[in-house]
There are 2 protein chains.
Amino acid sequence: MLIGEYFHNLDTKGRVSIPSKFRDDLGGTFVLSKGVNDCLCAYSKEEWEGFKEELLGLRGADARMLRRFFFSGATECEIDTQGRVVIPPLYREYAGLGREVVIVGVSNCMEIWDKAAWEKYMQNPALESAEIENAMERLGL
Amino acid sequence: MLIGEYFHNLDTKGRVSIPSKFRDDLGGTFVLSKGVNDCLCAYSKEEWEGFKEELLGLRGADARMLRRFFFSGATECEIDTQGRVVIPPLYREYAGLGREVVIVGVSNCMEIWDKAAWEKYMQNPALESAEIENAMERLGL
DNA sequence: AAGGCTATGCTTATCGGTGAATATTTTCAT
DNA sequence: ATGAAAATATTCACCGATAAGCATAGCCTT
């Protein structure tokens with residue numbers, strides 16, 4: 001299971017070390033995709049396969065558009081012998097990654113954030129204890 | 001699996017480099033066909049066979065029309081020793097290809113778009129974050 | 001036969017990806 | 001606390017992919 005928060009650095013070639021605790025869950029190659037809040041989202045092959053089948057099962061014009069969106073916004077990544085992956089330039093740009101990034105485990109996927117963006121996001125008032133408590137209550141947790 | 005988005009240029013002779021990550025999946029020769037939404041669609045021989053069978057299995061007037069469209073609008077292409085293919089003039093014209101094109105992986109086929117047309121297509125309101133989040137929820141991501 | 005056209009291939013430059021080597025930091029067991 | 005091992009950071013050198021321009025060969029036209 002992918003959980004935790006890790007602070008890492010991109011090297012000058014745009015590579016980043018994957019937290020060693022994540023490597024077994026992710027596998028040697030995984031799928032990196034553009035996430036919803038200006039972050040990158042990495043799925044193990046198994047996770048991605050499930051999603052892919054769902055997408056391929058859809059029919060109609062909207063389905064074609066969704067397929068184009070999700071498949072075009074993803075790329076296969078391979079972890080090298082030193083535990084690193086290259087974040088392609090397009091993806092670095094999309095997520096606004098500087099040198100310092102944060103790698104976050106979200107149970108079934110791993111997210112990569114620019115450090116500043118992550119810290120800003122975590123300051124969101126919706127994440128204060130009271131709000132968290134409210135949300136939990138609404139969801140019956 | 002064909003995924004990702006690559007920005008390439010046609011040379012003055014109408015040739016374009018196929019992303020190196022796609023070459024294994026596509027094979028040395030593939031089938032280029034006119035796609036839906038003013039793009040070109042490239043299938044590996046295997047994928048094309050599947051598509052062909054699907055088309056041949058259909059009955060009725062619409063089916064006849066689709067068969068004429070897709071079979072007349074397809075041609076075999078060969079990747080040269082430098083990883084390029086010639087896009088015949090008719091196809092360049094059909095998809096409105098200028099110098100800058102985008103090559104998109106859509107899981108089972110590869111699409112070639114004029115850069116401007118692709119960017120316009122991807123601005124569709126149905127692809128705003130809220131819609132995407134809905135779609136992801138439905139698809140179990 | 002000469003000139004020009006087209007298709008194809010070759011060459012070079014640039015950029016990004018890859019792999020190795022080493023340094024540094026962290027973790028863990030003793 | 002200390003040392004060993006693992007994880008992460010950093011740098012360098014090399015290789016491969018792409019872009020662009022040029023060269024060659026075959027073919028058509030005149």
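Throughout, protein chains are lettered first and strands after them, A, B, ... in sequence-line order, and every chain is numbered starting at 1. Bear in mind the structure is a predicted one, so any value in this text is a computation, not a measurement. Atom set for the values below is all heavy atoms of this structure, side chains included, hydrogens, waters and symmetry mates excluded.
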| message | Counting only heavy atoms not in Glu53(B) (residues, nucleotides, ligands), do more than 12 fall under 6.0 Å from its CD? | response | yes

Separation of [N] [atom2] from [X] [atom1] (nearest whole Å):
X: Arg23(A); N: dA7(D); atom1: CZ; atom2: P; result: 6 Å
X: Asp11(B); N: dG9(C); atom1: CG; atom2: C1'; result: 12 Å
X: Phe7(B); N: dA17(D); atom1: CZ; atom2: C1'; result: 17 Å
X: Asp24(B); N: dA17(D); atom1: CG; atom2: P; result: 10 Å
X: Glu78(B); N: dA7(C); atom1: CD; atom2: C1'; result: 13 Å
X: Tyr91(A); N: dG17(C); atom1: OH; atom2: P; result: 12 Å
X: Glu100(A); N: dT8(D); atom1: CD; atom2: C1'; result: 14 Å
X: Leu90(A); N: dC15(C); atom1: CG; atom2: P; result: 18 Å

| task | Look at all strands and tell whether Ile103(A) reaches a base, only sugar-phosphate, or nothing, counting heavy atoms closer than 4.0 Å. | result | nothing

| task | Measure the shortest side-chain to side-chain distance between Ile18(A) and Arg84(A) over non-hydrogen atoms and say whether it is less than 4.5 angstrom. | result | no

| field | Beyond-backbone contact of Met136(B) with Phe70(A), side-chain heavy atoms, under 4.5 angstrom | value | yes

It should be established whether [X] places a side-chain nitrogen or oxygen under 4.0 Å from OP1 or OP2 of nucleotide [N].
X: Arg99(B); N: dA20(D); result: yes
X: Ser20(A); N: dA7(D); result: yes
X: Asn9(A); N: dT8(D); result: no

| Which distance, rounded to the nearest 0.5 Å, do you find between the CG of Leu58(B) and the CZ of Arg64(B)? | 12.0 Å

| field | Polar pair under 3.5 Å, donor/acceptor by atom type, side chain Arg15(A), base dG16(C) | value | no

| Any donor-acceptor pair under 3.5 Å joining the side chain of Gln82(A) to the base of dA20(C)? | yes

| query | Quick one: do Lys21(B) and Glu76(A) make a salt bridge, cutoff under 4.0 Å? | reply | no

| said: By nearest heavy atom, map Arg84(A) and Lys13(A) onto DNA chain C; which one lands nearer the 5' end? | reply: Lys13(A)

| Along DNA chain D (nearest heavy atom to each residue), the more 5'-positioned of Thr12(B) and Ile18(B) | Ile18(B)

| query | Where the side chain of Asp80(A) is defined as all heavy atoms beyond and including C-beta, which of dG19(C), dA19(D), dT18(C) is the nearest nucleotide? | reply | dG19(C)

